[in-house]
Amino acid sequence: MDVINETGCCPRFNPEPWDGKQIAWQGKPFIRDRVRSVLHIPLNFGAVMRRNLKVLKDADAFSDRMIVLSDENSLWGADVYIESLKPVSGANMAYISGTFLSKVFEGPYQDVHKWVLEMKRFVASEGREMKKMYFYYTTCPKCAKHYGKNYVVILAQIG
């Protein structure tokens with residue numbers, strides 16, 4: 001990575017632009033990959049990230065924002081979407097379009113079930129219906145420990 005920051009890994013996350021916001025994407029490019037899990041606990045997340053970050057860097061498509069979305073669609077695995085600045089030849093590309101409500105949560109990963117319930121209430125309070133949910137893990141566990149905050153953004157697709 002060419003990103004220089006205090007950890008040499010994940011940039012410091014600013015929750016303000018993401019908390020309680022509506023976000024619209026039209027064909028936003030991501031590299032899509034699959035992480036193996038056991039009961040939603042990832043087994044090879046680091047290897048998947050290293051492999052795809054190298055692809056992004058080699059293609060000059062790496063984004064300093066490091067938006068990494070997870071679609072927790074199985075107890076045994078999740079689809080991971082890593083933001084790309086452009087289409088990358090040979091990569092498994094996905095293009096995400098839609099309108100999303102976003103909300104920032106902070107705390108240990110074991111609270112995810114509480115956050116999901118709170119997100120569902122938030123979407124309902126806005127008079128909207130959720131079509132899909134993505135988790136934006138803003139930093140790796142090592143960087144979250146360094147920064148003293150473990151922020152997770154939930155993006156609820158509403159349109």
Side-chain angles (χ1 to χ4, degrees), residues 1 3 5-26 28-53 56 63-84 92 94-159:
M1 281 189 281
V3 175
N5 60 56
E6 63 195 89
T7 64
C9 187
C10 304
R12 187 177 288 273
F13 178 72
N14 176 10
E16 194 274 324
W18 294 91
D19 197 24
K21 306 294 184 188
Q22 183 170 305
I23 297 165
W25 288 337
Q26 184 60 44
K28 185 167 185 55
F30 290 86
I31 289 182
R32 179 181 172 189
D33 208 332
R34 184 88 181 151
V35 172
R36 290 186 321 270
S37 303
V38 174
L39 303 174
H40 291 294
I41 298 170
L43 301 176
N44 65 333
F45 193 87
V48 168
M49 288 300 295
R50 283 188 295 278
R51 177 177 63 238
N52 288 294
L53 291 177
L56 287 166
S63 170
D64 291 345
R65 292 185 306 179
M66 280 290 296
I67 296 175
V68 179
L69 304 178
S70 180
D71 180 359
E72 299 287 333
N73 50 28
S74 166
L75 291 172
W76 313 111
D79 290 325
V80 177
Y81 300 85
I82 306 163
E83 181 182 30
S84 179
N92 183 13
Y95 299 89
I96 298 179
S97 297
T99 303
F100 302 85
L101 291 179
S102 66
K103 191 160 178 51
V104 178
F105 299 90
E106 198 281 321
Y109 293 122
Q110 68 192 32
D111 288 346
V112 166
H113 66 285
K114 295 177 193 172
W115 302 339
V116 167
L117 292 174
E118 187 175 333
M119 188 66 187
K120 288 178 179 178
R121 286 192 295 268
F122 173 64
V123 171
S125 76
E126 296 289 314
R128 306 307 294 261
E129 186 175 319
M130 183 171 18
K131 297 178 180 181
K132 188 170 187 69
M133 187 182 300
Y134 293 98
F135 296 85
Y136 168 15
Y137 297 106
T138 63
T139 56
C140 70
K142 190 178 195 181
C143 289
K145 183 176 182 179
H146 173 84
Y147 294 133
K149 297 282 187 182
N150 184 43
Y151 291 114
V152 176
V153 179
I154 297 180
L155 294 152
Q157 187 170 9
I158 57 170

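Being a predicted model, the structure only gives us computed values, none of them experimental.
Expressed to the nearest 0.5 Å, how far CZ of Phe13 lies from SG of Cys143 amounts to 14.0 Å. Note that the CZ atom of Phe105 and the NZ atom of Lys114 stand 12.5 Å from one another [nearest 0.5 Å]. We find the NZ-OG1 distance between Lys142 and Thr7 to be 9.0 Å, quoted to the nearest 0.5 Å. The distance from the CZ atom of Phe135 to the CG atom of Leu155 is 10.0 Å, given to the nearest 0.5 Å. For the atom pair NZ (Lys28) and OG (Ser84), the distance works out to 9.5 Å, reported to the nearest 0.5 Å.
Side-chain contact between Leu101 and Phe122 is present, with heavy atoms from C-beta onward closer than 4.5 Å. Tyr95 is listed as a side-chain neighbour of Pro29, based on a closest heavy-atom distance under 4.5 Å. Between Ile82 and Met49, some side-chain heavy-atom pair lies under the 4.5 Å cut-off. Looking only at side-chain heavy atoms (C-beta outward), Gln22 and Arg128 come within less than 4.5 Å of each other.
In this structure, Tyr81 and Tyr134 have perpendicular ring planes: the angle between them is above 60°, well past the 30° mark. Ring geometry, Tyr136 versus Trp18: the interplanar angle exceeds 60°, so the pair is classed perpendicular (tilted spans 30 to 60°).
For Glu83 (side chain) and Leu69 (main-chain N/O), no donor-acceptor pair under 3.5 Å exists by modelled atom type. Counting only distance, with no hydrogens or angles, the side chain of His113 and the backbone of Gln110 share a donor-acceptor pair below 3.5 Å.
Of all heavy-atom pairs between Gln157 and Gly98, the closest is NE2-CA, 3.9 Å. In this structure, Pro11 and Thr139 approach most closely via the heavy-atom pair O-CG2, 3.8 Å. Taking both residues in full, the closest heavy atoms of Asn44 and Arg36 are given as OD1-N, 2.8 Å, listed atom of the first, atom of the second, then distance. For Ser70 against Ala78, the heavy-atom pair with the smallest separation is OG-CB, 3.6 Å.
With sequence neighbours excluded, the residues forming a salt bridge (charged side-chain N to carboxylate O under 4.0 Å, His left out) with Arg34 are Asp79, listed by chain and number. Looking at residues two or more places apart in sequence or on another chain, you find a side-chain contact (heavy atoms from CB on, under 4.5 Å) between Glu16 and Asn14, Lys21. With sequence neighbours left out, Asp19 forms a side-chain contact (heavy atoms from CB on, under 4.5 Å) with Lys103, Val104. Judged as a side-chain contact (heavy atoms from CB on, under 4.5 Å), and not counting sequence neighbours, the contacts of Leu39 are Leu75, Trp76.
Between Val116 and the choices Glu72, Met133, Arg121, the side-chain contact (heavy atoms from CB on, under 4.5 Å) rule is met once, by Met133.
The salt bridge (Lys or Arg N to Asp or Glu O under 4.0 Å) contacts involving residues 43-52 comprise Asp33-Arg51, where partners must be two or more places apart or lie in separate chains.
With a 6.0 Å radius and a threshold of 12 heavy atoms from other residues, nucleotides or ligands, Glu106 has its CD atom above the threshold.
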Extract all donor-acceptor atom pairs below 3.5 Å that involve side chains of residues 144-154 and protein atoms in other chains or at least two apart in sequence.
residue: His146; atom: NE2; partner: Glu6; partner atom: OE2; Å: 3.1
residue: Tyr147; atom: OH; partner: Cys10; partner atom: O; Å: 2.6
residue: Tyr147; atom: OH; partner: Arg12; partner atom: N; Å: 3.3
residue: Asn150; atom: OD1; partner: Tyr109; partner atom: OH; Å: 3.2
residue: Asn150; atom: ND2; partner: Gly107; partner atom: O; Å: 2.7

